[in-house]
*Asks:* 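I have a structure here, written as structure tokens, and I will follow up with some questions on it.
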Amino acid sequence: MIDLKALEQDPTAFAAALRRRGDIANLDELVRLARARKEVIGKLQALQEERNKLNEGMKKATPAEREAARDRMRGLGDDVKALEAEQRTVEAQRDALALHVPNVPLPEVPEGTDEHGNVEVRRVLEPRKLEFSAKDHVDLGVALELVDIERAAKISGARFAFLKGQGARLERALASFMLDFHLAAGDVELAPPLLVTAATLTGTGQLPKFAEDLFTVNFGPPQEAGAAPLYLIPTSEVPITNYYADEILDEERLPLRFCAFSQCFRAEAGSAGRDTRGLIRQHQFEKVEMVRFATPEQASDELERMVQRASDLLTALELPHRVVLLCTGDMGFAAEKTYDLEVWLPSQGSYREISSCSTTGSFQARRAQIRYRPKGNDPKKPEKPRPLATLNGSGLAVGRTWVALLENHQQADGSVRIPERLRPYLGGVDALRKDAGLGSS
RNA sequence: GGAGCGGUGGCCGAGUGGUUGAAGGCAUCAGACUUGAAAUCUGACGUACGGGCAACCGUAUCGAGGGUUCGAAUCCCUCCCGCUCCGCCA
């Protein structure tokens, strides 16, 4: 959620900053509601104060005095209730609007309407020059019996896959390798719940606006569902970021750095027809995620560190990639600055997203009520809590890493070379070959 | 699925209609004492909103919402969450 106080104090500046992403529809109405709310609260508190004062004398008042005060008190009580209802209404209207307003981009974020406005920051590793024509990961995977998409369609429909034999083991190896990489750098690992409440998804910004991208899960048969549904997480950013929801952390603890492995589930109703071949876009995929809790002052540095970490992972896997700074039009709803890491895919002759690292500033923290208490100078007067900054980044999308590894390390004979660093996770094998003797169709 | 119990401040835990934002304890912070530390003593110590330059003042807040009442942490209703036992189960 945007900073409503800042909005109220300087609507013009706020609108200018937000207009860069082209969405300022509700700002005027929000300002109006903020002022209406103050007015209601002012009236309400005056009445409550009067009521409290009258009440103070009631206990020791004589029956006659009590009787005399009663009418006035009744009237006050009714007025208070009416104003309380009004306050709730105004706040509900305010929240309904505010929860749909996206985050404000940082000044250094380039302006643009779509991915063409993104700015390449650097490239790492040269793509190999193949002396044969590159196969894509589906052809490679099918030939090596690493993946079975047709049978997955039979079981679950489109956008699902079985990994098989060495293919399944490769995914497990990649996830383990990534997690160990993060642990070696000092991150704390969390294994999160995969089903979360609507409130949790509101905290990170997926709800209320993007419900169509999520899978809903009911208790028991749909027609009997009594309890509120849960949602399959689209990324472990959701449960991890909400880990500290409604809490106040001491500044000394920050920054906090977590990593997590999880399945992710995305309905992505709007993506029909895009990336229909292969494993690039699935309803279910694995991802290792990095999440940071930091002071607003630390956020920028933490973002750069996450990008570097993701890049180092790709380098360790010998995968050519580039870092891209997203423009205003290509950023996610909650982000105020995002870098994508794009890995080289020989079959497409282009770079494809494999990691996205964002700072949301205090946007999610305000929604999820995550605050920290600044150190302060005077030990007698503790500082007031303020929202902290949350960051998240893929480190990495395991499925897409699987794809990139096959395509980049394919060899003339159809086998796939395993990079040195990954071999310990695959029992020491140096390549995936057709005659591995694992499984048959 | 059946039966029962419970949700109070960072934590534990009193409190069943009227100065209770809430006893007491723990934790934390500051000061005193001490060569230092421990122990001890004194004091401070929730959050949000409104007003104010500030000191500060006011209002709300005892899981959430609604109701009864002049007045609710305390009474009533609904919902949410947690725990225990039985059943089922990876």
Side-chain angles (χ1 to χ4, degrees), chain A residues 1 3-9 30-31 33-95 98 191 193-203 217-221 224-231 239 242-254 256 263 362 365-388:
Chain A
M1 184 144 66
D3 185 345
L4 292 175
K5 255 185 193 161
L7 168 65
E8 197 188 338
Q9 278 161 13
L30 271 173
V31 173
L33 285 168
R35 291 184 178 143
R37 174 175 168 276
K38 273 191 189 177
E39 198 182 320
V40 171
I41 286 176
K43 285 193 227 165
L44 174 63
Q45 293 193 347
L47 292 187
Q48 286 170 325
E49 187 172 355
E50 183 181 353
R51 184 177 69 179
N52 287 344
K53 283 190 175 139
L54 281 175
N55 252 326
E56 262 175 56
M58 285 303 270
K59 191 182 180 182
K60 40 196 170 185
T62 65
E65 288 168 337
R66 222 175 268 197
E67 201 52 50
R70 236 164 232 178
D71 279 348
R72 176 62 188 142
M73 292 295 286
R74 262 197 207 99
L76 272 176
D78 290 345
D79 292 347
V80 163
K81 266 173 202 165
L83 283 169
E84 281 174 344
E86 198 177 331
Q87 182 187 350
R88 272 196 303 276
T89 303
V90 170
E91 289 181 351
Q93 290 174 343
R94 175 197 63 179
D95 294 343
L194 305 182
L195 290 167
V196 298
T197 62
T200 299
L201 285 154
T202 305
V217 178
N218 290 299
F219 290 85
E224 293 173 21
L230 294 174
Y231 298 81
N242 279 282
Y243 188 71
Y244 289 116
D246 302 314
E247 297 190 32
I248 301 172
L249 308 177
D250 285 328
E251 180 173 353
E252 286 75 16
R253 298 179 63 186
L254 304 177
L256 286 162
Q263 299 288 343
S362 299
R366 253 180 246 111
R367 290 174 160 245
Q369 289 261 68
I370 314 170
R371 291 167 293 172
Y372 78 102
R373 192 182 301 282
K375 276 195 215 91
N377 303 319
D378 185 354
K380 286 183 178 172
K381 266 193 293 183
E383 297 289 313
K384 291 190 67 175
R386 55 191 286 233
L388 47 70

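Numbers restart at 1 for each chain; the letters A, B, ... are given by sequence-line order, proteins then strands. Values in this document were obtained by computation on a predicted structure and should not be read as measured data. Both backbone and side-chain heavy atoms feed into the values below; hydrogens, waters and symmetry mates do not.
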*Asks:* Report the residues that fulfil side chain to side chain donor-acceptor pair (under 3.5 Å) with A:E49, sequence neighbours left out, ordered by chain and then residue number.
*Replies:*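 If we apply the side chain to side chain donor-acceptor pair (under 3.5 Å) test to A:E49, skipping adjacent residues, the hits are A:K53.
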*Asks:* Round to the nearest Å and state the distance from A:R37 atom CZ to B:C49 atom P.
*Replies:*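 Distance, rounded to whole Å: 8 Å.
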*Asks:* To the nearest Å, how far apart are A:I370 CD1 and B:U47 P?
*Replies:* 18 Å
*Asks:* Walk along nucleotides 59-68 of chain B from 5' to 3' and tag each nucleotide B, S or - by protein heavy-atom contact under 4.0 Å, base first, then sugar-phosphate.
*Replies:* BS-----S-S
*Asks:* As a quick check of understanding, evaluate side-chain contact (heavy atoms from CB on, under 4.5 Å) for A:L54 and A:L76, giving each step before the final call.
*Replies:* CA-CA 10 Å; A:L54 281 175; A:L76 272 176; 3.9 Å; yes
*Asks:* Mapping A:P385 and A:G42 to their closest nucleotides on RNA chain B, which lands nearer the 5' end?
*Replies:* A:P385
*Asks:* Taking atom P in both B:G65 and B:A73, compute the distance separating them and give it to the nearest angstrom.
*Replies:* 13 Å
*Asks:* What integer number of Å spans the P atoms of B:A3 and B:U19?
*Replies:* 40 Å
*Asks:* In whole angstrom, give the distance that lies between atom CD of A:E8 and atom P of B:G50.
*Replies:*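 Taking CD of A:E8 and P of B:G50, I get 7 Å after rounding.
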*Asks:* For A:T197, enumerate each residue passing the side chain to side chain donor-acceptor pair (under 3.5 Å) test, keeping only those at least two apart in sequence or located in another chain.
*Replies:* A:T200
*Asks:* When you compare B:G17 with B:A30, how far apart are their P atoms, in angstrom units rounded to a whole number?
*Replies:*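 Per the computed distance, 42 Å lies between those P atoms.
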*Asks:* For A:G203 and A:N242, which heavy atoms make the closest approach, and how far apart are they?
*Replies:* CA-OD1, 4.0 Å
*Asks:* Closer than 4.0 Å, any side-chain N/O of A:R373 to the OP1 or OP2 of B:G46?
*Replies:*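 For B:G46, neither OP1 nor OP2 has a side-chain N or O of A:R373 closer than 4.0 Å.
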*Asks:* In whole Å, measure the gap between the P atoms of B:C77 and B:G4 for me.
*Replies:* 16 Å
*Asks:* In this structure, how many angstroms lie between the C1' atom of B:G51 and the CD atom of A:E39, rounded?
*Replies:*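 Distance, rounded to whole Å: 15 Å.
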*Asks:* For A:Y372 and B:U47, what is the distance between atoms OH and C1' respectively, to the nearest whole Å?
*Replies:*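 Nearest whole value for this atom pair: 17 Å.
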*Asks:* Just how far, in rounded Å, is C1' of B:A48 from CD of A:Q87?
*Replies:*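 Nearest whole value for this atom pair: 11 Å.
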*Asks:* In whole angstrom, what separates A:I248's CD1 from B:G9's C1'?
*Replies:* 12 Å
*Asks:* Would you mind reading off the distance between A:K5 atom NZ and B:C49 atom C1', rounded to a whole angstrom?
*Replies:* 8 Å
*Asks:* For RNA chain B, what is the dot-bracket line, given that a base pair needs Watson-Crick (N1 to N3, plus N6-O4 or O6-N4) or G-U wobble (N1-O2 and O6-N3) geometry with both distances under 3.5 Å, and | means paired with another strand?
*Replies:* ((((((((.[[[..)..(.....]]].(((((.......))))).((((((....)))))).[[[[[..)....]]]]])))))))....
*Asks:* If the P atom of B:U84 is compared with that of B:U28, how far apart are they to the nearest Å?
*Replies:*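 Approximately 30 Å lies between the P atom of B:U84 and that of B:U28.
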*Asks:* Side chain to side chain donor-acceptor pair (under 3.5 Å) with A:Q263: which residues, sequence neighbours excluded?
*Replies:* A:Q284, A:E286
*Asks:* Side chains of A:Y244 and A:L256: does their closest heavy-atom pair fall under 4.5 Å?
*Replies:* yes
*Asks:* For the residue pair A:A98 and A:M1, what are the closest heavy atoms and their distance?
*Replies:* CB-SD, 3.6 Å
*Asks:* Between side-chain atoms of residues 33-46 of chain A and protein atoms elsewhere (two or more places apart, or another chain), which donor-acceptor pairs fall under 3.5 Å?
*Replies:*
residue, atom, partner, partner atom, Å
A:R37, NE, A:E91, OE2, 2.7
A:K38, NZ, A:E8, OE2, 3.1

